[in-house]
Amino acid sequence: MKRYSVFAVAREAARYHTGWERAWKSPEPKKKYDVIIIGAGGHGLATAYYLGKNFGIRNVAILEKGWLGGGNTGRNTTIIRSNYLQDPSAAIYEKSRSLYEDLSQDLNYNIMFSPRGVMMLAQTEHEVRGYLRTAHANALQGVETRFIKPDEVKKLVPIINIDGPRYPVLGALWQPRGGTARHDAVAWGYARACSDMGMDVIQKCEVTGVRQEGGRVVGVDTNRGAIDCDKLGIVVAGHSGVLAEMAGFRLPIESVALQALVSEPIKPCMDVVVMANTVHGYMSQSDKGEMVIGGGADGYNNYTQRGSFHHIEETVRALIETFPMISRLKMLRQWGGIVDMTGDRSPILSKTPLENCFINCGWGTGGFKAIPGSGWGFAELMAKGSSPLCDEFSMFRFREGKFIDESVAAGVAH
Ligand code: FAD
Ligand code: PYC
């Protein structure tokens, strides 16, 4: 595949952009692969990429029932941070954040990583104590964060109202190298790199069954026929319970809709990401100028990609108190994604009861930031049977009571 570069742009400009190649191929499925990954979201594609790059395993198919990146990967608010409390979480999220730093160069695809800084507001005494604790934990884990006072918050975010009547800003947990990236570019960049390595990214290919013999997976049934494999990776986020049922095991996962919305574009007014856990909202400004706003998860299990209306109202009402200037903005679009929630709000990167079948899920409301790190670790788990980044995230931890409890510590309100 031809490299993207400033010279390529100049060359194509001179010939009216007639020479660009397709970014990835659209092959027909083969009869058999060494590895099949179900789900061409960020995590599935990153897994395939690092299987090829780090372990030389390239006879790989990534099967996607819709279009690649059409699941949560293309529906999130793109916040990237690694300020988690527990050691296994900090390790995988910081690995991921650090891979994001030069992912554009690695993939030769501009994923628009913008390390603009992520701020989590402390709006109650309880949150102040919680974030101080996280800042100390992060210092021990080698994650660069610090607790900042309200005057520094105001300096970094001039549009904020730090004297809110209900929830004044008492400080914030600040991660200067957190930020955002263009979410679909992450999926597209990995897909292009996988295709370039000879892997098959197959869209509109829904897995409808998992075929087994003697406790091993031998292949999958799809709407495009049966495909055999030596190893299977299930990486389907909100549909994890459905796929696990096909494979004959149960997961401690609930699927709910999480939603987000964007305003009309306005002039630059906020150049960091702000998360306000207590009032249940978070906001950043996109390169186009839209205010990108995220809200709460539905309080009941469902498979809709919408989200319920009262959450929008609740989120916007709460954010207006902290950012009064957004009260005059028109909201343009709203959407939802199906997120896969575990009880301890930590992911599952795991072997399964089937010998050669692995599962990567449970990222819930926070897996965009984890895509490169998760792909790196899960590829190692699939290739070698063990990975220091993944081993503590086994699905069997729930049986053994070894939770990695981020339910409050994760800092998001869901
Ligand atoms: P997905 O991108 O959903 O990919 C799974 C794929 O599997 C889908 O494309 C689906 O079509 C496919 N699939 C399902 N069933 C089958 C089948 N039977 N056969 C074939 N393919 C199948 N995270 C953050 O870190 N920061 C944020 O700011 C953030 N904000 C969010 C905001 C919203 C509104 C939402 C919904 C999520 C947010 N997240 C955020 C979470 C993040 O988006 C997800 O954790 C992450 O994208 C999950 O990626 P994935 O690759 O596992 O799943
Ligand atoms: O995990 O940072 C996060 C997040 C923000 C919005 C949704 N999830």
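Only heavy atoms go into these numbers, but all of them, side chains included; no hydrogens, no water, no symmetry mates. The structure presented is a predicted model; accordingly, all values stated were derived computationally and were not measured. When a ligand or atom number is given, it counts from 1 through the structure's own listing order.
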Quiz item: Do Phe147 and Tyr131 have ring centres separated by under 6.0 Å?
Solution: no
Quiz item: For atom 30 (N) of ligand 1, what's the nearest protein heavy atom and its distance?
Solution: Thr77 OG1, 3.0 Å
Quiz item: From Leu173 CG over to Met275 CE, what is the distance, rounded to the nearest 0.5 angstrom?
Solution: 10.5 Å
Quiz item: With only distance considered, is Gly366 within less than 3.5 Å of ligand 1 through an N or O on each side?
Solution: yes
Quiz item: Of all the heavy atoms in Ala257, does at least one lie under 4.0 Å from an atom in ligand 1?
Solution: no
Quiz item: Can Gly294 be said to touch ligand 1, with heavy atoms closer than 4.0 Å?
Solution: no
Practice problem: Please determine if Arg345 and Glu406 form a salt bridge, counting it only when a charged side-chain N lies under 4.0 Å from a carboxylate O. | Solution: no
Quiz item: At under 4.0 Å between heavy atoms, which part of His183 makes contact with ligand 1: side chain, backbone, both or neither?
Solution: neither
Quiz prompt | Test log, rule side-chain hydrogen bond (donor to acceptor under 3.5 Å, both in side chains), inputs Asp344 and Thr342 | solution = CA-CA 6 Å; Asp344 61 2; Thr342 60; 3.2 Å; yes
Quiz item: Parallel, tilted or perpendicular: which describes the rings of Phe358 and Phe378, with under 30° parallel and over 60° perpendicular?
Solution: perpendicular
Quiz item: Do ligand 1 and Glu206 have nitrogen or oxygen atoms that lie under 3.5 Å from each other?
Solution: no
Exercise. Find all atoms of ligand 1 within a distance of less than 4.0 Å from any non-hydrogen atom belonging to Lys369, and give their numbers and elements.
Key: 24 (C), 25 (O)
Exercise. Measure the distance from atom 4 (O) of ligand 1 to every protein heavy atom, then report the residue, atom name and distance (to 0.1 Å) of the closest one.
Key: Gly41 CA, 3.4 Å
Quiz item: Charged N to carboxylate O below 4.0 Å: is that the case for Arg211 and Asp221?
Solution: yes
Practice problem: Measure up the Phe368 and Tyr100 rings against each other and bin them: parallel (under 30°), tilted (30 to 60°), perpendicular (over 60°). | Solution: tilted
Quiz item: Within 45° of the ring axis of Tyr4 and under 6.0 Å from its six-membered ring centre, is that where the NZ or CZ of Arg192 lies?
Solution: yes
Quiz item: When you look for heavy atoms under 4.0 Å from ligand 1, do you find them on the side chain of Ile80, its backbone, both, or neither?
Solution: neither
Self-check item: Leu63: numbered ligand 1 atoms lying under 4.0 Å from its heavy atoms
Solution: 20 (C), 21 (N)
Practice problem: Check Ile37, Ile371, Leu349 against Thr47 for a side chain to side chain contact (heavy atoms under 4.5 Å, CB included) and give me the one that passes. | Solution: Ile37
Quiz item: Which of the numbered atoms in ligand 2 are below 4.0 angstrom from a heavy atom of Ile79?
Solution: 2 (O), 5 (C)
Quiz item: Are any of the N/O atoms in Thr365 less than 3.5 Å from those in ligand 2?
Solution: yes
Quiz item: Numbering the atoms of ligand 2 from 1, which are under 4.0 Å from a heavy atom of Gly366?
Solution: 1 (O)
Quiz prompt | Basic-acidic side-chain contact under 4.0 Å: Glu28, Arg224 | solution = yes
Practice problem: Examine Ala237 against ligand 1 and note whether any of their N/O atoms are separated by less than 3.5 Å. | Solution: no
Quiz prompt | Atoms in ligand 1 with a heavy atom of Gly39 nearer than 4.0 Å | solution = 6 (C), 7 (O), 12 (C)
Quiz item: Among protein heavy atoms, which lies nearest atom 31 (C) of ligand 1, and at what distance?
Solution: Asn76 CB, 3.1 Å
Self-check item: Closest to atom 26 (N) of ligand 1 among Thr180, Ile79, Thr365, Val186 (heavy-atom distance)
Solution: Ile79
Exercise. Using a strict cut-off of less than 4.0 Å between a Lys/Arg side-chain nitrogen and an Asp/Glu carboxylate oxygen, indicate whether Glu101 and Arg97 qualify as a salt bridge.
Key: yes
Practice problem: For Tyr282, take its heavy atoms, then give the atoms of ligand 2 lying under 4.0 Å from any of them. | Solution: 5 (C), 6 (C), 7 (C)
Quiz item: Can Gly364 be said to touch ligand 1, with heavy atoms closer than 4.0 Å?
Solution: yes
Quiz item: By number and element, which atoms of ligand 2 are closer than 4.0 Å to a non-hydrogen atom of Thr77?
Solution: 6 (C)
Quiz item: Mind checking whether Ala370 has an N or O less than 3.5 Å away from an N or O of ligand 1?
Solution: no
Quiz item: Using a heavy-atom cut-off of under 4.0 Å, does the side chain or the backbone of Lys65 touch ligand 1, or both, or neither?
Solution: both
Quiz item: Is it true that Asp230 and Lys32 have a side-chain N and a carboxylate O under 4.0 angstrom from each other?
Solution: yes
Quiz item: What protein heavy atom sits nearest atom 18 (N) of ligand 1, and how far off is it?
Solution: Val207 O, 3.1 Å
Exercise. Could you tell me whether Asp287 and Arg116 have a side-chain N and a carboxylate O separated by less than 4.0 Å?
Key: yes
Exercise. Give yes or no for whether the N/O distance cutoff of 3.5 Å, strictly under, is met between Arg81 and ligand 2.
Key: yes
Quiz item: Where does Phe368 meet ligand 2, judged by heavy-atom distances below 4.0 Å: at the side chain, the backbone, both, or neither?
Solution: neither
Quiz item: Looking at His239, which atoms of ligand 1 are within less than 4.0 Å of one of its heavy atoms?
Solution: 14 (C), 15 (N)
Exercise. Starting from atom 2 (O) of ligand 1, locate the nearest protein heavy atom and write down its residue, its atom name and how far away it is, to 0.1 Å.
Key: Thr73 OG1, 2.6 Å
Exercise. Around atom 45 (O) of ligand 1, find the nearest protein heavy atom and jot down its residue, atom name and distance.
Key: Gly367 N, 2.9 Å
Quiz item: When only distance counts, is Trp335 in polar contact with ligand 1, meaning an N/O pair under 3.5 Å?
Solution: no
Self-check item: Option nearest atom 3 (C) of ligand 2 (shortest heavy-atom distance, choices Met283, Lys369, Arg345)
Solution: Lys369
Quiz prompt | Arg166 bridged to Glu321 by N-O distance under 4.0 Å | solution = yes
Exercise. Could you tell me which atoms of ligand 1, counted from 1 in the order shown, lie closer than 4.0 angstrom to a heavy atom of Cys205?
Key: 20 (C)
Practice problem: Considering heavy atoms of the protein only, find what lies nearest to atom 50 (P) of ligand 1 and give residue, atom and distance to 0.1 Å. | Solution: His43 CD2, 3.5 Å
Quiz item: Can you tell me if Ser26 and Gln203 form a side-chain donor-acceptor pair at under 3.5 Å?
Solution: no
Quiz prompt | atom 13 (N) of ligand 1: the protein heavy-atom neighbour that sits closest, reported with distance to 0.1 Å | solution = Val236 CG1, 3.7 Å
Self-check item: Minimum heavy-atom distance between Ile227 and Lys30, given as atom pair plus value
Solution: CG2-O, 3.4 Å
Quiz item: On the ring face of Trp376, is Lys95 found with NZ or CZ under 6.0 Å from the centre and within 45° of the axis?
Solution: yes
Quiz item: Just heavy atoms, cut-off under 4.0 Å: does Cys361 contact ligand 1 by side chain, backbone, both, or neither?
Solution: neither
Quiz item: For ligand 1, which atoms have a heavy atom of Trp363 less than 4.0 angstrom away?
Solution: 45 (O)
Quiz item: Do Arg146 and Glu152 meet the salt-bridge criterion of a basic N to acidic O distance under 4.0 Å?
Solution: yes
Quiz item: Any side-chain donor-acceptor pair under 3.5 Å between Thr278 and Glu127?
Solution: yes
Self-check item: Element-labelled atoms of ligand 1 that are located less than 4.0 Å from some non-hydrogen atom of Leu243
Solution: 18 (N)
Quiz item: With backbone taken as N, CA, C and O and side chain as the heavy atoms from C-beta onward, which portion of Ile38 lies under 4.0 Å from ligand 1: side chain, backbone, both, or neither?
Solution: side chain
Quiz item: Could you give the distance from CE (Met341) to CG (Asn301), rounded to the nearest 0.5 Å?
Solution: 9.5 Å
Practice problem: Walk me through it: do His183 and Thr73 pass the test side-chain hydrogen bond (donor to acceptor under 3.5 Å, both in side chains)? | Solution: CA-CA 6 Å; His183 47 14; Thr73 298; over 6 Å; no
Quiz item: Does any N/O atom on Glu64 come nearer than 3.5 Å to any N/O atom on ligand 1?
Solution: yes
